[in-house]
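The next block holds one structure in the form of structure tokens; read it before the comments.
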Number of protein chains: 2
Amino acid sequence: MEYYQGHSKYLLAVDCVVLGYEDEELKVLLYPRGFEPVKGKWSLMGGFVGEDESAEEAASRVLQQITGLDNIFLEQVEAFSKPGRETIARVVSIVFYALVRIHLHDKELLKAQGAEWHPLSQLPELVFDHREMVEKALLKLQQKAGYSLAGSEMLSERFTLMQLRKLYQAIYRREFDPGNFRKKILSLEVLEKLDEKNASESRKGAYYYRVKEEMVGMETSRIVKF
Amino acid sequence: MEYYQGHSKYLLAVDCVVLGYEDEELKVLLYPRGFEPVKGKWSLMGGFVGEDESAEEAASRVLQQITGLDNIFLEQVEAFSKPGRETIARVVSIVFYALVRIHLHDKELLKAQGAEWHPLSQLPELVFDHREMVEKALLKLQQKAGYSLAGSEMLSERFTLMQLRKLYQAIYRREFDPGNFRKKILSLEVLEKLDEKNASESRKGAYYYRVKEEMVGMETSRIVKF
DNA sequence: GCAAAAGTGTTTGCCATACACCCATGT
DNA sequence: ACATGGGTGTATGGCAAACACTTTTGC
């Protein structure tokens, strides 16, 4: 037991890279830091880990508090622990990324806190090492989306294959051939075709699909090579 | 600043999954836990993070202390933070895996601490969640080795293509065709052929190769599909 | 009719796999 | 001579990329 004695203890935080998809691009939820130091710069949403919860649970709780949403896709990215990473106190942060449906949000809740969605391609200056956290999170998402349809957590529950393709284009910052993408995705056999069509985004109208219930979160064969 | 007040602090540990390669299999360095609780069970090597170091630096320091080696390949696996994961105190552990050359070790140093190399395929019972750490570390190594020759950190600096192939077979627990493996690896253009041959492992003798100096740690195109 | 996306089919080339085959050499 | 790994070449199948083409429908 004296093994545990005499060692320093640290504040343990979680930071969440909350990602959403809107206007054919990925966005990250930021809020202005309201206190010193670095007051005014933009920050990821974070919080401290309580005594009765894991970092995963803390991240989930923070997300619930800030977005009002439950059951959010979360994956651990990495722990950031450099001594000087936050200037005031030593804080070790475990970073997660979260995938959310932007339009389901309680806009009032976000506005009340000054939170805003920022396109990933034009981030403002972020506090501390939060920019690096965003970059690492994107890499992790790219890995994940290469072997699953987890990215669809950012779309409506029903989506067309064009919507899914444009999402993938946003995630990987490259184009996918519409025909080939369709064949690839359908060959995975994780989507089920619905009877309804989306008539608003094309003349002809495209069928809606959704992830088969039993396939949510499942790994697939490789979708994107990188 | 009061933002930082009133939050709990925790012990922050690092645990290292030290991996080596010997007798055509992967091995992990374990040592018997010498104190309660769970005295006698096997444990990964770990330590606490000091005030002036990052988790990476702490892992590197712990490795140096225990193996006597410097400049070891290290990669972060994941943070483990469940409240009850260690029974006595709340300890958050950041897990790393390390790749080392078993034969370079100071055997005396290890023996003095009771440390032993255990084949990954026949692990004894481990303390707490250390077994899960080992499993996650192996997955991470498989990912890494699929896009780099980082695994060769477990071989001598000079190695034959058969040695490299058998290493890959150990990492992925499957066979690779000798001819195809050779062509694949050489096509990466990260190895340089040396003039010397290894005469001890075959009649004909196989040329030694080594990773080109400027290519150490570099990502390659995909080596293994999974 | 035209434009634009939906959806299907075809062609091509690359690459992974399987495997045949000769080489060199210690026993 | 022969067994063993070293090293090279080749045939095959599958799949990804490129792209042609038809369908549908709002304008």
Atom CG of Leu161(B) to atom C1' of dT8(D): distance rounded to whole Å? 13 Å
If the threshold is 4.0 Å, N to carboxylate O, is there a salt bridge linking Lys41(B) and Glu125(B)? yes
Heavy atoms of Phe80(B) and Asp129(B) approach each other most closely as CD2-OD2, 3.5 Å
Determine the minimum heavy-atom distance between Tyr147(A) and Ile223(A), stating which atoms define it. C-CD1, 4.5 Å
Would you mind reading off the distance between Arg182(A) atom CZ and dA16(D) atom P, rounded to a whole angstrom? 17 Å
Please figure out whether Phe176(B) or Leu186(A) has its closest DNA chain C nucleotide nearer the 5' end. Leu186(A)
Spacing between Arg203(B) atom CZ and dG6(D) atom P, to the nearest angstrom: 12 Å
Sorted by position of nearest nucleotide on DNA chain C, 5' first, the leading residue of Arg222(B) and Ala199(B) is Arg222(B)
Taking CZ from Phe181(A) and P from dC15(D), how many angstroms apart are they, rounded to a whole number? 18 Å
Atom-to-atom span, CG of Asn198(B) to P of dG7(D) - whole angstrom: 10 Å
Side chains of Leu186(B) and Leu161(B), heavy atoms from C-beta outward: is any pair under 4.5 Å? yes
Passes side chain to side chain contact (heavy atoms under 4.5 Å, CB included), Val18(A) versus Ile66(A)? Steps please. CA-CA 11 Å; Val18(A) 182; Ile66(A) 298 207; over 6 Å; no
Walking DNA chain D from its 5' end, the first of Lys183(A) and Lys204(A) to be reached, judged by nearest nucleotide, is Lys183(A)
Side chain Asn180(A) and base dA18(D) donor-acceptor under 3.5 Å: yes
Let me confirm one number: the SG-CG distance from Cys16(B) to Leu29(B), rounded to the nearest 0.5 Å. 10.0 Å
Parallel, tilted or perpendicular: which one describes the rings of Phe176(A) and Tyr168(A), with boundaries at 30° and 60°? perpendicular
Euclidean distance, atom CD of residue Glu201(A) to atom P of dC27(D) [Å, nearest integer]: 15 Å
d(CG, Asp177(B); C1', dG5(D)) in whole Å: 13 Å
Taken to the nearest whole Å, CD/Gln163(B) to C1'/dG5(D) is 12 Å
Outermost nucleotides of DNA chain C that come under 4.0 Å of a non-hydrogen atom of chain B: dA16(C) to dG26(C)
